[in-house]
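To start, the structure itself, in structure tokens.
Please read all numbers here as calculations on a predicted model, not as lab measurements.
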Amino acid sequence: MAKWTPTHEAPEPLEGPVVATITGGTVLWFVLFLAQLPFYGWYDDHGHAWWVWTCLAGGGLGLIGVWYVRGRDAAIKRDAEHGRSQVVEP
């Protein structure tokens with residue numbers, strides 16, 4: 001089996017409002033959890049209780065994600081203040 005090699009370079013990663021995006025997604029997961037909670041009996045009766053818990057897990061993992069991207073942004077700003085380059089040469 002031959003090894004696949006790319007025919008062109010990968011594009012630069014997109015940078016945007018990462019903290020806002022992750023925070024918005026986390027809020028959405030928690031809102032979905034709270035919206036489904038009153039109907040837990042119906043979900044449980046029909047074998048779909050995992051939908052409710054999936055939303056809670058998404059919100060919990062989102063909190064970890066918010067913590068991570070806030071630290072990442074702080075590190076990038078700290079490095080920029082010291083004049084360090086963000087590009088790593090191979």
For residues 55-63, which side-chain N or O atoms pair as donor and acceptor with protein atoms under 3.5 Å away, sequence neighbours left out?
none

Residues 34-45 side chain polar contacts: donor-acceptor under 3.5 Å, at least two apart:
| from | atom 1 | to | atom 2 | distance (Å) |
| --- | --- | --- | --- | --- |
| Gln36 | OE1 | Val52 | N | 3.4 |
| Trp42 | NE1 | His46 | ND1 | 3.3 |

Side-chain donor/acceptor pairs under 3.5 Å, residues 4-23, sequence neighbours excluded:
| from | atom 1 | to | atom 2 | distance (Å) |
| --- | --- | --- | --- | --- |
| Glu15 | OE2 | Arg72 | NH2 | 2.9 |
| Thr21 | OG1 | Pro17 | O | 2.8 |
| Thr23 | OG1 | Val19 | O | 2.7 |

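Applying the side-chain contact (heavy atoms from CB on, under 4.5 Å) rule to Trp67 yields no partners; only residues at least two apart in sequence or on another chain are considered.
By the rule that hydrophobic residues join a cluster once side-chain heavy atoms approach within less than 4.5 Å of another member, Trp50 and Phe30 end up as members of one cluster. In this structure, Trp29 is not a member of the same hydrophobic cluster as Val27, with clusters built from ILVMFWY side-chain heavy atoms closer than 4.5 Å. Taking hydrophobic clusters as Ile, Leu, Val, Met, Phe, Trp and Tyr residues chained together by side-chain heavy-atom distances below 4.5 Å, Trp51 shares a cluster with Trp53.
Here salt bridge (charged side-chain N to carboxylate O under 4.0 Å, His left out) pairs that include residues 20-39, with residues two or more places apart or in two chains, number zero. Applying the salt bridge (charged side-chain N to carboxylate O under 4.0 Å, His left out) test to pairs two or more places apart or on separate chains, none has a residue in residues 46-58.
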